[in-house]
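Data first, discussion second: the structure below is written as structure tokens.
The sequence lines fix the lettering, A, B, ..., with proteins before strands; numbering per chain opens at 1.
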Amino acid sequence: PGVQLSITEFYRSS
Amino acid sequence: MFELRLVQGSLLKKVLESIKDLVNDANFDCSSTGFSLQAMDSSHVALVALLLRSEGFEHYRCDRNLTMGMNLANMAKMLKCAGNDDIITIKADDGTDTVTFMFESPSQDKISDFEMKLMDIDSEHLGIPEAEYEAIIRMPSAEFARICRDLSSIGDTVVISVTKEGVRFSARGDIGAANIVCRQNATVDKPEDATIIEMQEPVTLTFALRYMNSFTKATPLAEQVTISMSSDLPVVVEYKVAGMGYIRYYLAPKIEE
């Protein structure tokens, strides 16, 4: 259940 | 050239075992700071960050910054050939596309070297800002592994909820539901057995157990695990590597549809 978020939604490319 | 020597070679074996199931190929960054890696799993849900500081090695030489792309399954295969008591040396010369792993038995009567091809890996490096977390849980790593394993027989996701009462791990599935509550317990004989909960705000987040279980492959590295949580942020699950650095796993939460 629920939607899996992606890690790239939280942290920017450096 | 780049060269590092680690007398406690078993640490490197354990490090590889803790990341190889999560990540297929990764770039190791070698600099004067140390030997590090940042990589995401193939679905970009989890990220692993490893740092082994240069001071932690018996010998560490890095003439200039170097990135070594390696297939972690192949690297793990090579490190499995090192004995648990072996001293491990990793060497790479400038301008070559190979890395050499050298294993020395403690009595120096057996010396092996394994050469592995490096790869060009196009990987995205993410900037992870320092964050103040609403709740930080420190607990025995074996206990956390046990909880993740037990809950995965009930459901696919775990709800981790930190309140004044303690930390609650919950799972729900076709056969039923499970709740495991761990309370703060600082009055133990050995500090590694303690459970410490620092809470600024109550926080509840949901995570896929498949990833949590993969993170617990790092359990042999450290007696304690640190779980840092804030609403609307990935959880950070951290294992220290014997005074040399850390493995941190970041996992994006699941949200209600």
Pairwise distance OH(A/Tyr11) to CG(B/Leu233) - rounded to 0.5 angstrom: 5.5 Å
Flag if over 12 foreign heavy atoms under 6.0 Å of CG, B/Asp156: no
Residues of residues 123-138 of chain B near chain A, each having a heavy atom less than 4.5 Å away: B/Glu124, B/His125, B/Leu126, B/Gly127, B/Ile128, B/Pro129, B/Tyr133
Approximate separation, where rounding is to 0.5 Å, of B/Phe207 CZ and A/Gln4 CD: 9.0 Å
Separation of B/His44 NE2 from A/Ile7 CD1 (nearest 0.5 Å): 10.5 Å
Verdict with supporting geometry, A/Thr8 and B/Met40, side chain to side chain contact (heavy atoms under 4.5 Å, CB included): CA-CA 9 Å; A/Thr8 49; B/Met40 283 184 275; 3.7 Å; yes
Portion of B/Asp232 that has a non-hydrogen atom of chain A nearer than 4.5 angstrom: backbone
Side-chain (A/Ser6) to main-chain (B/Val45) donor-acceptor, under 3.5 angstrom: no
Heavy atoms from other residues, nucleotides or ligands near CG of B/Asp120 exceed 12 (cutoff 6.0 Å): no
Whether over 12 other heavy atoms sit under 6.0 Å from A/Glu9 CD: yes
